[in-house]
> 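First, the structure itself, so that you have it in front of you.
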Amino acid sequence: VGMLSMCCESLGDHRRALELSQEALAIASRCLPGNHPDIAAYLGQLSSCYHSAGEVDKAINIMQQCVGVVKQHLPTRRSDLCTCLNNLGLYYSQKGMLHEAIATLEECLVSRRLFLPPGHPDIGATLWNLGNAYKKGKNVVKATELLRECLSVREKNLPATHPHVIDVLWNLSSIMYDQKLYDESLQLYRRLHNILTALCPLSEDMATVCHNMGICCLAIARLDAAEEAFTQSVGIKTAIYAPKDARIATSESMLHRVWQLKFGN
């Protein structure tokens, strides 16, 4: 039943997966003591199903139970505990429970650093979740530190065009951009630009990158580079959006501003 639940989950049938996971836990609970490691496994699976079904509160409650069971079987189940803590911290963060999220993810990160080699993908996953939690909590210094380390880990394990690498670049560039650290932001946007040029040159993401590159260049008085970036953004938006779309006008207005600064009215 548990295997069937995982199959349904992987196929996107979250409700059926949830029903089967509940049944699997009920069967296991009749056969095993409440603190058995297999009970923890079924609890973790059920929590994941609740999360996929959008019932995050229930996912948190079940995952808390799972953590409680797994902690009774340390140190042999340390890897399982870290997986549970990482997921629980993510769920807390999604519910805006940032104090709980940060405490849980910090515990997970400390443990993973103890028994995993540096640069392990699981460390990268926790760095990503923890960095995002700090970002939500407006601690941009800590978020930047963690996300930079996450980027380093993911670049060692994944190709440059992998979505997980792109996600970190987006987050870091937006942090720098929001803090008006335009030189740093521009470097990150250029990396995104190179990746998206290979993957999807005519896309909304590429248009956004070009537009934001233009703003960064304008802020540091690099008018030729700003003109080039805004021109590309306008071209992409014209190709992918309907005529007179407000998003086209946004980049056009910035391009006109650059021309005014370069050539006057």
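We use all heavy atoms of the structure for the numbers below, so side chains are in, but hydrogens, waters and symmetry mates are not.
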> Any side-chain heavy atom of His164 within less than 4.5 Å of one from Pro121?
no

> Hey, what do you get for NZ (Lys262) to CG (Leu223), rounding to the nearest 0.5 Å?
7.0 Å

> Measure across Ala53 and Arg15 and return the closest heavy-atom pair with its distance rounded to 0.1 Å.
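Residues Ala53 and Arg15, closest heavy atoms: O-NH2, 3.9 Å.
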
> With the 4.5 Å side-chain cut-off for hydrophobic clustering, are Tyr241 and Leu255 part of the same group?
yes

> Does the Ser251 side chain pair with the main chain of Ile248, one donor and one acceptor, at a distance under 3.5 Å?
no

> Go through the steps to decide whether Ile166 and Leu199 satisfy the test side chain to side chain contact (heavy atoms under 4.5 Å, CB included), and finish with yes or no.
CA-CA 11 Å; Ile166 294 172; Leu199 293 178; 3.7 Å; yes

> Which value, rounded to the nearest 0.5 Å, describes the distance between Met176 atom CE and Leu188 atom CG?
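Going from CE on Met176 over to CG on Leu188, the span is 7.5 Å.
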
> Of the non-hydrogen atoms in Ser93 and Lys136, which two are nearest, and what is the gap between them?
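Distance-wise, the nearest heavy atoms are O-NZ, 3.1 Å.
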
> Between atom CD of Glu204 and atom CD1 of Ile236, what is the distance when rounded to the nearest 0.5 Å?
11.0 Å

> So which of Leu46, Leu85, Asn87 actually passes side-chain contact (heavy atoms from CB on, under 4.5 Å) with Met63?
Asn87

> Can a donor-acceptor pair be found, under 3.5 Å and without considering hydrogens, that links the side chain of Ser233 to the backbone of Ala229?
no

> What class does the angle between the rings of Tyr189 and Tyr177 fall in, given that below 30° is parallel, 30 to 60° is tilted and above 60° is perpendicular?
perpendicular

> With rounding to the nearest 0.5 Å, note down the distance linking CG in Asp38 to SG in Cys31.
10.5 Å

> Side chains of Leu114 and Arg78: does their closest heavy-atom pair fall under 4.5 Å?
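Answer no - side chains too far apart.
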
> Before you tell me yes or no, could you show the steps for Leu146 and Leu109 under side chain to side chain contact (heavy atoms under 4.5 Å, CB included), namely the whole-Å CA-CA distance, both residues' side-chain angles and the distance that decides it to 0.1 Å?
CA-CA 11 Å; Leu146 291 163; Leu109 183 60; 4.3 Å; yes

> Identify the heavy atoms of Cys84 and Val67 that sit nearest to each other, and give their distance.
CB-CG2, 3.7 Å

> Using side-chain heavy atoms (C-beta onward) and a distance below 4.5 Å, is Leu186 in contact with Cys217?
yes

> Run the numbers on Arg77 and Asp80 for salt bridge (charged side-chain N to carboxylate O under 4.0 Å, His left out), then give the verdict.
CA-CA 5 Å; Arg77 296 281 175 163; Asp80 292 340; 3.1 Å; yes

> For side chain to side chain contact (heavy atoms under 4.5 Å, CB included), just list the numbers for Met206 and Cys200, CA-CA rounded to whole Å, side-chain angles, deciding distance to a tenth of an Å, and then say yes or no.
CA-CA 7 Å; Met206 178 64 101; Cys200 47; 5.8 Å; no

> Working to the nearest 0.5 Å, report the span between OG of Ser47 and CD1 of Ile60.
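Here the interatomic distance stands at 8.5 Å.
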
> Nearest heavy-atom pair of Lys95 and Asp57: which atoms, and what distance?
CE-OD1, 3.0 Å

> Are Leu74 and Leu43 grouped together when hydrophobic residues (ILVMFWY) are joined by side-chain heavy atoms under 4.5 angstrom apart?
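Leu74 does not cluster with Leu43.
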
> Please assess Lys142 against Ile102 for the test side chain to side chain contact (heavy atoms under 4.5 Å, CB included), listing each intermediate value before the final yes or no.
CA-CA 11 Å; Lys142 190 65 175 177; Ile102 288 170; over 6 Å; no

> Using modelled atom types and a 3.5 Å cut-off, is there a donor and acceptor pairing between side-chain atoms of Arg16 and backbone atoms of Cys8?
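Side chain of Arg16 to backbone of Cys8: no pair is present.
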
> So, the side chain of Gln45 versus the backbone of Gly2: is there a donor-acceptor pair under 3.5 Å, distance only?
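It does hold such a pair.
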
> Any sub-3.5 Å donor-acceptor pair from Ser111's side-chain atoms to Cys108's backbone N or O?
no

> Establish whether Met6 and Tyr42 are linked, either directly or via other cluster members, by ILVMFWY side-chain heavy-atom contacts under 4.5 Å.
no

> Is any side-chain heavy atom of Ser173 closer than 4.5 Å to a side-chain heavy atom of Asn212?
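Ser173 does not reach Asn212 side chain to side chain.
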
> Before you tell me yes or no, could you show the steps for Glu100 and Tyr91 under side-chain hydrogen bond (donor to acceptor under 3.5 Å, both in side chains), namely the whole-Å CA-CA distance, both residues' side-chain angles and the distance that decides it to 0.1 Å?
CA-CA 10 Å; Glu100 293 87 346; Tyr91 300 165; over 6 Å; no

> Determine whether Tyr50 and Asn61 make a side-chain contact, defined as any pair of heavy atoms from C-beta on separated by less than 4.5 Å.
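No; the side chains remain at least 4.5 Å from each other.
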
> With heavy-atom distances below 4.5 Å as the criterion, would you say the side chains of Arg112 and Thr83 are in contact?
yes

> Quick one: does Val234's side chain get under 4.5 Å of Thr238's, heavy atoms only?
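Heavy-atom side-chain distance check passes, below 4.5 Å.
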
> Does Arg148 offer a backbone N or O that forms a donor-acceptor pair with the side chain of Ser152 under 3.5 Å?
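Judged by distance alone, no pair lies under 3.5 Å.
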
> Could you tell me whether a side-chain N or O of Arg154 sits under 3.5 Å from a main-chain N or O of Val168, the two making a donor and an acceptor?
no

> Please identify each residue that fulfils ring pair (Phe, Tyr, Trp, His ring centres under 6.0 Å) with Tyr134, with sequence neighbours left out.
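Checked Tyr134 against ring pair (Phe, Tyr, Trp, His ring centres under 6.0 Å); zero matches.
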
> Same cluster for Val140 and Trp170 if Ile/Leu/Val/Met/Phe/Trp/Tyr side chains link at under 4.5 Å?
yes

> Measure from the side-chain N and O atoms of Ser52 to the backbone N and O of Ser48, and report whether any donor-acceptor pair falls under 3.5 Å.
yes

> How long is the straight-line distance from CG of Asp167 back to NE2 of His162, given to the nearest 0.5 Å?
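That separation rounds to 9.5 Å.
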
> Is there a path of hydrophobic side-chain contacts, each under 4.5 Å between heavy atoms of I/L/V/M/F/W/Y residues, joining Ile175 to Leu105?
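No, it is not one cluster - the side chains of Leu105 and Ile175 are not joined through contacts under 4.5 Å.
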
> Sub-3.5 Å donor-acceptor pair from the side chain of Asn132 to the main-chain atoms of Trp128, do we have one?
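Judged by distance alone, yes, a pair lies under 3.5 Å.
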
> Quick one: closest heavy-atom pair of Cys66 and Ala40, and the distance?
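Cys66 and Ala40 have their closest heavy atoms at SG-O, 3.2 Å.
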
> Short question: side chain of Lys237, backbone of Arg247 - any donor-acceptor pair under 3.5 Å?
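Such a contact is found between Lys237 side chain and Arg247 backbone.
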
> What are the two closest heavy atoms between Leu127 and Leu147, and how far apart are they?
O-CD2, 4.5 Å

> Counting only heavy atoms from other residues, nucleotides and ligands, does the tally under 6.0 Å from CD of Glu228 exceed 12?
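Count not over threshold, so no.
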
> I want to check something: taking the side chain as every heavy atom from C-beta on, are Ser29 and Ile39 in contact at a cut-off of under 4.5 Å?
yes

